[in-house]
Amino acid sequence: MDPHDGDDARLLAATAAGDRAAFATFYRRHLPAVVGALLRETRDRELSGDLAAEVFAAALLGAGRYKADYPSALPWLCGIARHKVSESRRRGQAETSARLRLGIPREPLEDGDLARVDDLASQAGSVLELVDQLPAAQRQALEARVIDERDYGEIASSLGTSEAAVRQNVKRALAWLRTRTSEENR
């Protein structure tokens, strides 16, 4: 078994220890979803490409601080992405601090690069479309718990429901998504 086929926590721990191949595996695994989420949020291919570079640079810098709350680090990456989008909107330009700390220059995106952004976004699109198909209560609970990383009590309070109802909605949403994505991969 390839040591880089492990779960995200193991890949990020190896990355923090200096294993570049582990980060490359992590990057390839999550790039389509991150680009898709960024493109969906910004509606700008070039900005999405710039922000994706910044998200993964921040992930590389923060690999040693990652806490494995879920089998996948995608919620963590989406949190970083949302922060980068927010900062970019506030500043009126793409956030660049993590890339600059690593000494990675901004490379202008050419037509082929922009086509790759579209391709990556389309790979992630089916999961995002499935999330949009969830009943409202399940979608809200899932996004609040998995993407926003809020605790169940806080979510219940903001939605005006019980923690048990939030837990059940998250559980049902994840089960439904798991079933649908496995059907698509057949």
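If you read the sequence from its start, that first residue is 1, and numbering goes on from there. The basis for the numbers below is simple: all heavy atoms, side chains too, and nothing from hydrogens, waters or symmetry mates. Since the structure is predicted, the reported quantities are computational estimates derived from the model, not experimental observations.
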Criterion side chain to side chain contact (heavy atoms under 4.5 Å, CB included) on W76 and I80, from CA distance to verdict: CA-CA 6 Å; W76 178 66; I80 294 170; 3.9 Å; yes

For the atom pair CZ (R20) and OG1 (T25), what is the distance rounded to the nearest 0.5 Å? 14.0 Å

Considering all heavy atoms of both residues, which atom of E163 and which atom of A156 are nearest to each other, and what is their separation? N-CB, 3.6 Å

The test is side chain to side chain contact (heavy atoms under 4.5 Å, CB included); show your working for E87 and R82 and say whether it passes. CA-CA 9 Å; E87 282 297 305; R82 189 171 27 263; over 6 Å; no

Quick one, V85 and L51 - any side-chain contact, counting heavy atoms below 4.5 Å? yes

I need the L134 CG to L142 CG distance, nearest 0.5 Å. 6.5 Å

Please confirm whether the backbone N or O of A73 pairs with a side-chain atom of D8, one donor and one acceptor, at under 3.5 Å? yes

Below 4.5 Å, heavy atoms only, C-beta onward: do Y152 and V170 meet side chain to side chain? yes

For S88 and K84, indicate whether the former's side chain and the latter's backbone hold a donor-acceptor pair under 3.5 Å. yes

Do the side chain of T161 and the main chain of S157 share a donor and acceptor less than 3.5 angstrom apart? no

Minimum-distance pair of heavy atoms, taken over all atoms of L12 and A63: O-CB, 3.6 Å

Heavy-atom side-chain contact between Y66 and L77 under 4.5 Å: no

Measure the spacing between CD of E41 and CG of L47 and express it to the nearest 0.5 Å. 10.0 Å

Measuring from atom OG of S48 to atom CG of L39, what distance do you get when rounded to the nearest 0.5 angstrom? 4.5 Å

Heavy-atom side-chain contact between R167 and S162 under 4.5 Å: no

Polar side-chain atom of T15 near backbone of L11 as donor-acceptor pair, under 3.5 Å: yes

Interatomic distance, CG@N169 vs CZ@R139, rounded to 0.5 Å, equals 11.5 Å

Return the CZ to CG distance between F56 and L61, rounded to the nearest 0.5 Å. 13.5 Å

Taking all non-hydrogen atoms of both residues, which atom of D7 and which atom of R29 are closest, and how far apart? C-NH1, 3.9 Å

